[in-house]
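Note sheet for the following structure.
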Protein chains: 2
Amino acid sequence: MTSDNRVKIADIAKRANVSTGTVDRVIHNRGEVAQKTRDKVLAIIKEMDFEPDILASTLASKKTYRFASLIPAATNDSLFWHQPVIGFEKALKQVKHFGVAHQAFSFNYFDKESFKAAWSELLESEPDGIIVAPSFADVSADFIAQTEERGIPVVFINMNVFNLPKLSFVGQDPLRSGMVAAHLLDFGLKQKGRILIVNIMSEKGGNIHLMSREEGFRNYFHGNGFSGKELFTLNIYGNDPTQIDQMLSEVLSPEGAEEKVAGIFVTNSRVFHVADYLKKTGEKHIRLVGYDLLEVNVDHLMNHHIDFLISQNPIGQGFRSFMALFDSMVLKKNIQKYQYLPIDIITRENIDYYINNLTNE
Amino acid sequence: MTSDNRVKIADIAKRANVSTGTVDRVIHNRGEVAQKTRDKVLAIIKEMDFEPDILASTLASKKTYRFASLIPAATNDSLFWHQPVIGFEKALKQVKHFGVAHQAFSFNYFDKESFKAAWSELLESEPDGIIVAPSFADVSADFIAQTEERGIPVVFINMNVFNLPKLSFVGQDPLRSGMVAAHLLDFGLKQKGRILIVNIMSEKGGNIHLMSREEGFRNYFHGNGFSGKELFTLNIYGNDPTQIDQMLSEVLSPEGAEEKVAGIFVTNSRVFHVADYLKKTGEKHIRLVGYDLLEVNVDHLMNHHIDFLISQNPIGQGFRSFMALFDSMVLKKNIQKYQYLPIDIITRENIDYYINNLTNE
DNA sequence: AAAAATTCCGTGTGCGCACACGAAATTAGA
DNA sequence: TCTAATTTCGTGTGCGCACACGGAATTTTT
């Protein structure tokens with residue numbers, strides 16, 4: 001019930017013939033300590049394996065950590081981004097006692113200017129740590145320069161910009177996730193057959209992600225020798241249903257096609273557009289794989305119009321990003337620079353356990 | 001940097017014209033308070049939305065929580081059980097500041113007596129909370145009666161015993177996981193084909209799990225109408241490789257078989273035995289699905305002798321079980337009684353992110 | 001109505017640490 | 001050598017809460 005013999009600051013102090021104040025000064029590198037005594041205290045700290053009591057510590061120092069996040073606003077075009085916020089909130093709930101606060105900023109996914117403006121606003125709030133989805137690499141570079149100068153740690157969520165300094169990246173490996181999709185379709189299809197890769201994207205750029213997924217998808221087939229599958233790509237810009245339908249029918253309709261398409265890989269969450277089309281045309285033999293557990297996608301999955309969805313675990317991404325800042329800044333832990341989240345394969349049978357999952361609650 | 005206006009006990013006290021001591025007494029239901037003032041204080045607490053500061057609270061009350069775990073020892077027959085311990089340790093690391101300690105007990109997976117003995121030893125240590133894998137339901141029932149009497153909360157990990165009282169169950173839904181396996185094989189096989197279900201189990205019982213998985217597997221096919229698949233079961237008792245090989249060959253060899261078997265579902269982690277056999281006989285066209293990321297299984301997965309593995313996320317199970325006790329006892333949170341973990345589908349391409357995964361670190 | 005028994009309540013101390021303040025020790029200046 | 005400037009250090013207070021102790025208020029007993 002009550003056992004404890006953790007070594008505390010007072011123990012160190014006694015052992016070193018100094019006061020607790022002095023020990024405290026060396027612990028926090030606050031100077032005003034003679035080199036000799038500093039060394040002695042340091043040695044004793046190590047020898048006695050002293051670890052400060054975080055509870056007492058944060059209780060005494062009324063310090064507050066203010067974290068700021070900057071991610072796209074959740075709209076019809078980017079429903080995905082509603083989820084990471086939930087992850088932020090879960091994490092916050094778990095660590096708020098330690099004096100952590102959170103302020104959220106957002107921007108228009110397709111508007112570089114709004115991204116820039118939000119970044120500025122965020123910096124003006126002078127946060128102690130930042131989580132950002134660096135949609136526009138060039139703009140991000142400018143601002144990261146500033147955070148570097150001010151010594152504010154930054155975590156990248158969902159998308160990475162490799163050449164920029166960062167505390168950590170939290171997200172998925174797009175190449176690998178493309179390979180997973182490829183494996184699934186390969187597994188489900190007969191030996192031969194054409195496979196269509198569909199990129200539904202914005203004209204305004206910021207689609208590096210999709211390219212990597214396609215690359216991974218193609219790599220899978222190349223890596224596994226000739227498997228009798230023929231791959232071809234359809235790029236669709238914008239998300240006008242009518243236009244999408246038309247472009248799909250050109251490629252899929254009997255007249256247009258050479259050999260019949262057996263499977264389709266949509267490189268992002270817009271997969272529901274393709275499912276809509278297949279449903280509408282009564283096509284039932286084309287295997288379909290896409291991304292993310294949007295409600296529309298889940299509906300199609302349950303109704304057999306989508307075979308597999310790959311989840312990016314957006315809640316987990318939010319949670320992990322937040323905790324990365326917390327672990328690093330509050331607990332002074334060392335953080336893994338690349339935190340690749342699992343590439344979850346979702347079917348009708350296991351989806352219950354991935355929706356609103358509490359994995360990281 | 002320093003902003004805070006959380007309401008504290010002193011605020012309540014002042015507002016109620018009583019001392020902090022009195023407020024403290026009502027908060028902890030420690031009696032010795034007139035009903036009238038008790039009501040008043042309670043009202044004010046609610047009105048001001050007071051939440052005690054957990055940090056200060058645990059700091060002041062030198063209370064210690066001792067959690068005990070009881071799971072099978074990790075042996076060749078149950079390698080799986082090495083993982084939950086890692087989850088326990090991760091959880092402990094995260095919450096040890098709150099005065100949480102952990103003592104591990106283990107037993108022989110196949111030996112009911114050792115289970116009984118370990119239970120007794122555990123109870124003698126008078127823990128404040130318990131995590132147990134209730135391998136033998138009848139024995140567990142006896143001991144659960146005792147924990148109930150003493151008011152010690154118990155969490156069941158990995159396997160559930162439905163009619164026993166518990167704080168929470170943490171594990172997977174075996175029925176559903178069987179369905180997932182079925183979906184995968186169904187997806188990967190031509191229209192027709194025989195599918196073999198293999199249960200490799202101990203003679204000594206404790207295999208309810210496997211039965212449920214088989215049931216789920218069969219339900220999938222029944223639920224989806226006649227899909228042209230014929231299912232049949234092979235039960236193997238014991239884990240002698242020679243015997244396993246022989247029994248498999250009887251069922252799979254050209255002479256023995258009526259129609260060729262197209263896919264095999266092994267209902268637990270012993271799937272490597274079947275993979276060994278397939279590898280040995282050079283069979284490459286039989287699809288194979290099984291459970292758990294044991295090293296031997298992972299090897300077969302990487303070498304294409306196993307198509308999919310279903311992971312039970314054992315580390316996560318350990319972590320969640322531990323946190324269930326913590327959340328309930330220390331944080332006084334309400335706990336979900338059934339915590340079903342995701343049924344993770346593992347392929348060569350995504351396995352990296354499930355092995356030693358830090359999802360819950 | 002006074003004494004005894006109960007019920008109810010306020011005060012004080014300490015948990016382990018952070019940090020301000022000022023004093024002591026040391027060094028520099030004259 | 002004595003004072004002034006620096007460097008180095010010890011002490012005290014408080015963070016928000018838990019809990020022991022003893023005293024005040026109330027009720028019961030005689």
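A, B, ... follow the sequence lines: proteins, then strands. Residue 1 opens every chain.
- For the pair Ile9(A) CD1 and dG16(C) P, the computed distance is 11 Å after rounding to whole Å.
- Near-neighbour residues of DNA chain D inside residues 28-40 of chain A, defined by a heavy atom below 4.0 Å, number-ordered: Glu32(A), Val33(A), Ala34(A), Thr37(A).
- Using a 4.0 Å cut-off, some side-chain N or O of Ser19(A) falls inside it from OP1 or OP2 of dG10(D).
- Contacts of Thr20(A) classified as side-chain contact (heavy atoms from CB on, under 4.5 Å), with partners at least two apart in sequence or in another chain: Ile9(A), Ala10(A), Ala13(A).
- Atom CG of Leu55(B) and atom P of dC15(D) are 15 Å apart (whole Å).
- Not a single salt bridge (Lys or Arg N to Asp or Glu O under 4.0 Å) links Arg25(B) to another residue, sequence neighbours left out.
- Atom CZ in Arg25(B) sits about 11 Å away from atom C1' in dT7(C), given to the nearest Å.
- Scanning for salt bridge (Lys or Arg N to Asp or Glu O under 4.0 Å) contacts around Lys116(A) gives Glu113(A), with sequence neighbours left out.
- Heavy atoms from other residues, nucleotides or ligands lying under 6.0 Å from NZ of Lys36(B) number 12 at most.
- By the salt bridge (Lys or Arg N to Asp or Glu O under 4.0 Å) test, Asp53(B) pairs with no residue at all, sequence neighbours left out.
- With distances taken from any side-chain atom of Ala60(A) to the nucleotides dC19(D), dG10(C), dA18(C), the minimum falls on dA18(C).
- The salt bridge (Lys or Arg N to Asp or Glu O under 4.0 Å) check on Glu47(A) picks up Arg15(A), with sequence neighbours excluded.
- In this structure a side-chain-to-backbone donor-acceptor pair under 3.5 Å is present from Gln172(B) to Pro342(B).
- Here dC19(C) presents its C1' atom at 14 Å from CG of Leu59(A), a figure rounded to the nearest Å.
- Residues passing the side-chain contact (heavy atoms from CB on, under 4.5 Å) test with Asp39(A), sequence neighbours excluded: Gln35(A).
- The separation between Asp24(A) atom CG and dA20(C) atom P is 10 Å, rounded to whole Å.
- Residue pairs meeting the salt bridge (Lys or Arg N to Asp or Glu O under 4.0 Å) criterion with at least one member in residues 93-104 of chain B, sequence neighbours excluded, do not occur.
- An OP1 or OP2 oxygen of dT8(D) is reached within less than 4.0 angstrom by no side-chain nitrogen or oxygen of Thr22(A).
- From Leu167(B), atom CG reaches atom OG of Ser328(B) across 4.5 Å, with rounding to the nearest 0.5 Å.
- At whole-Å resolution of the value, CD1 in Ile27(B) and P in dG16(D) are 14 Å apart.
- Spacing between atom NE2 of His97(A) and atom P of dC17(D) amounts to 12 Å, rounded to whole angstrom units.
- A heavy atom closer than 4.0 Å to some atom of DNA chain D occurs in Asn17(A), Val18(A), these being the qualifying members of residues 11-18 of chain A.
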For residues 143-164 of chain A, dump all side-chain donor-acceptor pairs below 3.5 Å to protein atoms at least two apart in sequence or in another chain.
unit_1	atom_1	unit_2	atom_2	d
Thr147(A)	OG1	Ile144(A)	O	2.8
Asn158(A)	ND2	Gln312(A)	OE1	3.1
Asn158(A)	ND2	Gln317(A)	OE1	3.1
Asn160(A)	OD1	Lys166(A)	NZ	3.3

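- For Ala104(B), the side-chain contact (heavy atoms from CB on, under 4.5 Å) partners two or more places apart in sequence, or in a different chain, are Ser69(B), His102(B).
- At its two ends the helix from dA1(C)-dT30(D) to dA30(C)-dT1(D) runs along axes set 50° apart, each axis drawn from five pairs and the angle rounded to 10°.
- Listed nucleotides dC17(D), dT11(D), dG10(D) differ in distance to Thr20(A); the shortest reach to its side chain belongs to dT11(D).
- To the nearest angstrom, C1' of dG14(C) lies 10 Å from NZ of Lys8(A).
- Between Lys62(B) and the phosphate of dG16(C), there is a side-chain N or O to OP1/OP2 separation shorter than 4.0 Å.
- Candidate nucleotides dC9(C), dG16(D), dC17(C) were compared by shortest atom distance to the side chain of Asp53(B), and dG16(D) ranks first.
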